[in-house]
Amino acid sequence: MRVRDLPLSRTTIDHFESRGIDELYPPQAAAVEAGVTEGRRLVAAVPTASGKTFVATLAMLTADGPGLYIVPLRALAREKYETFSEVPDVSVGISTGDFDSSAAELGDNDIVVATSEKVDSAIRNGADWISDLACVVVDEVHLVGSEGRGPTLEVTLATLQRRAPGVQIVALSATVANPDELADWLDAGLVQSTWRPVDLRTGVYAGGAVGFDDDTQRQVSVAGDPDDATDATEALVAETVDDGGQALAFVRSRREAETLAERLAGVGSSPEVAEEIRDLDGTETGRRLADCVEGGVAFHHAGLRSAHRIAVERAFRDRRLRAICATPTLAAGVNVPARRVVIRDQKRYTGSGMEWLPTLEVHQMCGRAGRPHLDPYGEAVLVGDPTIRDELWERYVEAEPERVDSKLADPNALRTHVLSIVASDFAASREGVLDVLDATFFAHGTPTDELSGVLDTAIADLVEMEMIVDENGLAATDLGTQVSRQYVTPATGARIVDGLRTAAGMTEVTGLTALEIVCDTPDMQDTYLGNRERADMYRFAQAHADEFTTRMGETDDFEGWLTAVKTARILHEWTEGASAEDLVEQFRIGPGDLESRIERAEWLLGAADAIAGIVDVAADVPFRDRRARL
DNA sequence: TCAATCGAGCTTTAGACAGCATGTC
DNA sequence: CTAAAGCTCGATTGA
């Protein structure tokens, strides 16, 4: 099947043909045969890089009205925004937390790219462009099975169909065990394929040789101990680099990514990129990164500032870097393909020991191997030793990836969504809520009455928190409405209200008070509190005890609170003019961690200020002032 | 006396979405 | 519950 046979305009066809897209890939042809261009719903469970984006584009271009493309990451939103913007005669809008076209503008676009939370928020707040949608594409739908954000995605898809009845839904999924259930849920056809534009070989390294799944073997000359995973990784990376390719090495922790990068540095040389990185900041991490990059290798993890991450990703795509040593950030993020992917660590610390990584996650790392048009093939190598060779083989080479299952029954998730359903007038009774939830992936797999018990506790909790009232039906209070609008979880809203009430009886309410409240909230990420700084943090907490809404000794989670105090302290020093360099040094956090905490605090302080405006207490906590100083 | 080596014990451990109003280039 | 690598600091060993 050829592009020119598709029901597209002449200019659009020219555009695709000019970029070498002429003949459809088999999965794309299958999608067309399944009716994507005729408004049919579809679930496509195909590997990354097999042309999913093109299928999505086809669906949105042929739909009879505007399209929405939902992504899980902001970086992905930007990437898609750019690719769609290149299509002639198509106006594209973007809507994410950090980058937003104005609401009025969104409705005028042919295509809008947005994160799932942003779409959820738009639906909650009754944005009218939602109801005009003719086509919705969901990228990475398998994430409905993820614990934190999965429920948001499934509820969003459920409510979206109420606002825009009859929309065409095109869901793109990684290869999972039960794509048929996803298709069933969405009332969609299913296209499944393992086809890739570049061949991918997966293998297991052990004792000096890699055994691949195409039954080939390859000897690797390791400079050190062939049973040492790091020595082997070094050799595997060096091999492809010497061969003119690029490599990606996945390790377990940030520190290990950095040390490995330092060891590998020297396989290439990228002084210009190093210069570019050095110019970004004077942070210790930035310097180390620049030093590695000087030698052609970068490290990549969430402790990096986003500017650093972007610089590294771009340089690698432009082939100005030979290798990246990364934590799993890179597995699911923007498109950064390499000829060879080396997975040194397959286990991860979970809080109670080491656990094998999910098969799906390892497959996604492997899927980064092979650049279309640039590499003759892609190779993914799992590094092990003779002891675990067979286990790695069974678990990741032969094994089918996991099932996707709803996590909506989680009490926290349900509470959040029950509140939003009631607050946005989707339902005014217990039955009404169940009716909305009926379109959910959870309900599709389980009879709705199994939700009943959890639903009752969720409602009871929300009544207790004064966010809804349960008299002759359900209705949101002003507080509940505000909490839902501000997009904070009910628990966060409750913590803010509690903080305000305590503050009303305090004599010393300061900027630190505002930060403590907001940092002690479940929506704030915690900051690791090391044993060595604990004593110092304790002294700080004591010295400022009068400014805190939590009395030491009255908390049942003192450790957790002390963690919040650390975050508040960092942010406080930031608002008082401390430099990022010093904070990073003093509190041993990554520059990227600082960045993300500041961003979050900004959001939560805004939410707290909005909530303070409707709660009837005498406290005057300077949320707004702190926010301005951030 | 000093330095290199070894080892017990301790520390640390991935990631990342969201509001809103106003101001600036 | 089910861990493992790096680091610190002190003890041992060797010159």
Side-chain angles (χ1 to χ4, degrees), chain A residues 70-77 95-100 102-103 114-125 127 140 143 146-153 156 228-230 250-260 300-304 306 309 326-333 344-358 361 364-365 416 420 481-489 492-493 518 521-526 528-534 588-590 592-593 595-597 599-611 613 623-624 627-628:
Chain A
I70 304 177
V71 289
L73 300 171
R74 302 196 290 214
L76 237 34
S95 182
T96 68
D98 61 337
F99 197 79
D100 212 347
S102 78
T115 52
S116 38
E117 283 74 12
K118 199 68 182 183
V119 176
D120 183 27
S121 172
I123 293 171
R124 288 189 196 188
N125 297 318
E140 319 277 355
L143 289 175
S146 75
E147 225 144 295
R149 303 171 57 200
T152 306
L153 186 53
T156 298
D228 180 273
T230 307
F250 285 104
V251 295
R252 190 176 29 187
S253 70
R254 296 175 178 184
R255 192 170 52 190
E256 285 168 273
E258 297 188 13
T259 27
L260 182 61
H300 187 289
H301 56 65
L304 296 185
S306 52
R309 284 202 254 174
T327 56
T329 0
L330 222 51
R344 196 198 67 181
D345 301 328
Q346 299 89 23
K347 283 186 173 179
R348 180 160 58 214
Y349 176 74
T350 56
S352 54
M354 302 298 283
E355 259 172 27
W356 290 102
L357 294 175
E361 205 172 315
Q364 286 204 303
M365 294 177 183
T416 300
S420 89
T481 307
Q482 199 57 240
V483 164
S484 175
R485 282 188 68 112
Q486 296 296 323
Y487 213 81
V488 294
T489 61
T492 290
V518 146
T521 254
D523 276 315
M524 187 69 191
Q525 69 212 125
D526 0 296
Y528 183 79
L529 181 62
N531 276 332
R532 274 184 234 130
E533 26 175 12
R534 179 164 282 107
R588 295 185 305 165
I589 55 171
D593 298 317
E595 209 173 60
S596 71
R597 271 155 191 87
E599 194 180 286
R600 255 190 223 221
E602 246 176 277
W603 160 48
L604 290 170
L605 287 167
D609 185 50
I611 288 170
F623 294 117
R624 194 178 307 196
R627 202 184 148 281

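Chain A is the first sequence line, chain B the second, and so forth, proteins listed ahead of strands; every chain is numbered from 1. For the numbers below, each heavy atom of this structure counts, side chains included, while hydrogens, waters and symmetry mates do not.
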Distances under 3.5 Å between protein N/O atoms and the N/O atoms of nucleotides 3-7 of chain C, please, pair by pair.
residue: C:dA3; atom: O4'; partner: A:M354; partner atom: N; Å: 3.1

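Counting non-hydrogen atoms under 4.0 angstrom, A:R588 reaches the backbone sugars and phosphates but no base. Using a 4.0 Å heavy-atom cutoff across all strands shown, A:S121 reaches sugar-phosphate atoms only and no base atom. Residue contacts for A:L604: at a heavy-atom cut-off of 4.0 Å it reaches no nucleic acid atom on any strand shown. Nucleic acid contact for A:T96: sugar-phosphate only, since backbone atoms but no base atoms lie under 4.0 Å from a heavy atom of the residue. Within the 4.0 angstrom heavy-atom criterion, only backbone atoms of the sugar-phosphate kind lie near A:G97; the bases stay farther away. Residue A:G530 is in sugar-phosphate contact alone, with no base atom involved, counting any heavy-atom pair closer than 4.0 Å across all strands shown. Residue contacts for A:R534: at a heavy-atom cut-off of 4.0 Å it reaches no nucleic acid atom on any strand shown. At a threshold of 4.0 angstrom between heavy atoms, the contacts of A:A607 with the nucleic acid are absent.
Between C:dT2 and B:dA16, the distance separating the two P atoms is 31 Å to the nearest Å.
Checking the phosphate oxygens (OP1, OP2) of B:dT13, no side-chain nitrogen or oxygen of A:T350 falls inside 4.0 Å. Considering only side-chain N and O atoms, A:Y528 lies under 4.0 angstrom from the phosphate OP1 or OP2 of B:dT12.
Between the side chain of A:R149 and the backbone N or O of A:P72 there is at least one donor-acceptor pair closer than 3.5 Å. Checking side-chain atoms of A:R124 against main-chain N and O of A:S484 turns up a donor-acceptor pair under 3.5 Å.
Electrostatic pairing of A:E117 and A:R74 does not count as a salt bridge here, judged by no charged N lying under 4.0 Å from a carboxylate O. A:R588 and A:D593 are not joined by a salt bridge, as no carboxylate oxygen comes within less than 4.0 angstrom of a charged side-chain nitrogen.
Proximity note for A:R254 (side chain, C-beta onward) versus B:dG19, B:dA14, B:dT12: the nearest is B:dA14. Side-chain atoms of A:A302 lie closest to B:dG15 of the nucleotides B:dG15, B:dC17, B:dA14.
Rounding to the nearest 0.5 angstrom, the gap separating the CG atom in A:D120 from the OG1 atom in A:T152 is 5.5 Å.
Between A:W603 atom CH2 and B:dC20 atom C1' there is a gap of 13 Å when expressed in whole angstrom units. Atom-to-atom, CG of A:L76 to P of B:dG15 comes out at 17 Å; the value is rounded to the nearest Å.
Stem list for DNA chain B (at least 3 consecutive Watson-Crick or G-U pairs, distances under 3.5 Å): B:1-13 with C:3-15.
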